[in-house]
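For clarity, every value in this text was computed on a predicted model and none was experimentally measured. Chain identifiers are assigned alphabetically (A, B, ...) following the order of the sequence lines, protein sequences preceding nucleic acid strands; residue numbering begins at 1 within each chain.
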2 protein chains.
Amino acid sequence: MPRPRSLTQDQLAAAALAVIDRDGLAGLSMRAVAKELGMSTMGLYRYVADRDELEGLVVERVLSTVDPSPPATDAPWRDRIEIMVRRLRDSVSAHPAAVPLTMTHRHRLPGLLRWSESMLGLLAEAGVEGEQRVVALRGLISYVVGAIQLEHLGSLSGAGTVTISELPRDRFPYMAEAGRQARGIDADREFFGGLAVYLRGLGG
Amino acid sequence: MPRPRSLTQDQLAAAALAVIDRDGLAGLSMRAVAKELGMSTMGLYRYVADRDELEGLVVERVLSTVDPSPPATDAPWRDRIEIMVRRLRDSVSAHPAAVPLTMTHRHRLPGLLRWSESMLGLLAEAGVEGEQRVVALRGLISYVVGAIQLEHLGSLSGAGTVTISELPRDRFPYMAEAGRQARGIDADREFFGGLAVYLRGLGG
DNA sequence: CTGTTAGGAGTACGCCGTACGCCTACGTGA
DNA sequence: TCACGTAGGCGTACGGCGTACTCCTAACAG
């Protein structure tokens with residue numbers, strides 16, 4: 001008998017994401033999102049309890065684009081894990097300004113449950129069993145989460161590297177060389193290079 | 001000839017850290033830090049340009065407690081890398097509420113340069129050469145950064161695990177088992193278990 | 001002594017999240 | 001048909017934030 005809702009939570013999330021993509025995370029405010037939707041600020045509170053919940057919706061929307069099903073290939077498990085990881089990375093990277101949110105609101109991530117389920121299946125296929133399998137999954141997620149963040153909060157070949165390659169060569173011989181090497185490595189090679197190290201540690 | 005400063009930047013950082021440890025990151029404000037130091041709010045601006053700089057000082061203070069020198073042991077390189085990583089983790093974990101800051105202010109981290117230098121030395125000893133060495137270091141940092149964050153934003157054996165082990169067992173067979181297994185794994189075993197996977201992938 | 005600079009306090013502005021109240025529009029069960 | 005319950009929409013208000021600015025005093029170096 002009540003009057004039907006005129007917006008969905010997903011529409012709120014879309015508006016918030018539009019604000020974030022345009023004005024950065026610092027530009028996200030209840031007032032800005034309301035303006036984006038052409039409604040009054042307080043109207044938002046009909047759909048979310050507070051800003052925190054809105055941020056959760058944004059994260060949900062970003063991660064909902066991750067395909068959680070195991071790749072339909074007969075490629076080796078390592079390649080299939082890489083495909084799964086690449087999907088996650090691509091979805092998150094599509095909205096770099098929202099990356100910090102993704103970390104803070106890991107809780108309500110129903111979409112990632114299915115992703116994790118597929119991942120555990122691949123790990124089982126790789127011969128990882130028992131407690132080791134849980135540890136392997138969490139470790140993998142840790143790597144992915146950390147790498148994505150580092151990637152979007154100052155790249156390897158960015159300003160930091162310049163400072164590094166200017167370090168006194170006598171006290172920082174390794175760093176100086178690393179700084180030189182780093183210039184030739186793009187973000188993709190770095191990310192999947194590190195992933196390959198981890199996967200090599202996993203199995204036979 | 002000028003009047004001498006009565007506070008150091010490190011004292012500001014200490015006061016800010018005290019506020020964070022007591023009231024959480026949300027409790028950190030210029031007003032709160034000023035009160036902690038018994039001075040007026042605007043007095044802080046004699047020592048820092050803005051809040052961002054203050055946060056940087058806090059991170060610097062937390063990470064300054066990391067011993068960057070290579071461990072003086074003749075243990076295998078894997079063990080020595082683990083020692084280096086453990087130092088970093090211990091320092092960060094001493095102020096869990098400040099963890100999000102640590103991620104955001106990675107730039108100005110002179111202390112970690114020496115830590116990285118030592119780490120690169122150990123990687124060289126492990127036989128990792130050339131570009132692979134840079135990738136290995138960044139990958140290691142990614143894992144550590146990600147794992148520390150996951151650890152402090154909802155633990156493996158926390159509320160999330162309960163939800164997981166309640167998933168429909170037919171559609172999430174792996175997750176259900178993982179949820180059961182996870183209860184027996186504490187944060188330490190999880191962290192160093194994942195690290196061990198990565199290190200196994202590095203060498204011989 | 002004098003000039004320079006730090007110290008300290010206070011005020012004010014423009015943001016923020018959000019509590020609250022008011023009146024209107026709608027769709028349904030009576 | 002109509003009254004009721006809920007959503008819509010708008011505006012105001014409060015307390016907190018970062019920080020720009022001003023004014024006066026205190027301490028040291030030449």
Worksheet entry | Side-chain ion pair, B:Asp188 and B:Arg86, N-O less than 4.0 Å | yes
Worksheet item: Among residues 18-48 of chain B, which residues get a heavy atom nearer than 4.0 Å to DNA chain D?
Response: B:Ser29, B:Met30, B:Arg31, B:Thr41, B:Met42, B:Tyr45
Worksheet item: C:dT18 C1' sits how many Å from A:Glu53 CD, rounded?
Response: 14 Å
Fill in: d(CD, A:Gln9; P, D:dA7) in whole Å
13 Å
Item to complete: Please name all residues satisfying side-chain contact (heavy atoms from CB on, under 4.5 Å) with B:Asp23, sequence neighbours left out, ordered by chain then number.
Response: B:Val19
Fill in: B:Asp50 CG - D:dG18 P separation (whole Å)
11 Å
Discussion item. Can you confirm if the NZ or CZ of A:Arg133 lies within 45° of the ring axis of B:Tyr174 and under 6.0 Å from the centre of its six-membered ring?
Written reply: no
Practice prompt. Please test A:Thr8 against A:Asp10 for side-chain hydrogen bond (donor to acceptor under 3.5 Å, both in side chains), starting from the C-alpha separation and ending with a verdict.
Written response: CA-CA 5 Å; A:Thr8 65; A:Asp10 198 60; 5.4 Å; no
Response to the item:
To the nearest angstrom, the CG-C1' distance between B:Leu7 and C:dA6 comes to 11 Å
Response to the item:
Pairs under 3.5 Å (Watson-Crick or G-U), crossing ones as [ ], inter-strand ones as |: DNA chain D comes out as ||||||||||||||||||||||||||||||
Using residues 34-45 of chain B as the side-chain source, report each donor-acceptor pair under 3.5 Å to any protein atom, sequence neighbours left out, with the distance given to one decimal.
residue, atom, partner, partner atom, Å
B:Glu36, OE1, B:Arg22, NH2, 2.3
B:Glu36, OE2, B:Arg22, NH2, 3.3
B:Ser40, OG, B:Gly43, N, 3.4

Practice prompt. Answer yes or no: is there an ion pair linking B:Glu177 with B:Arg169, defined by an N-O contact shorter than 4.0 Å?
Written response: no
Discussion item. For residues 114-125 of chain B, which residue pairs pass the salt bridge (charged side-chain N to carboxylate O under 4.0 Å, His left out) check, not counting sequence neighbours?
Written reply: B:Arg80-B:Glu125
Response to the item:
residues 41-51 of chain A vs salt bridge (charged side-chain N to carboxylate O under 4.0 Å, His left out), sequence neighbours excluded, gives A:Arg51-A:Glu55
Practice prompt. Return the value, rounded to whole Å, for the distance between atom CG of A:Asp52 and atom P of C:dC16.
Written response: 17 Å
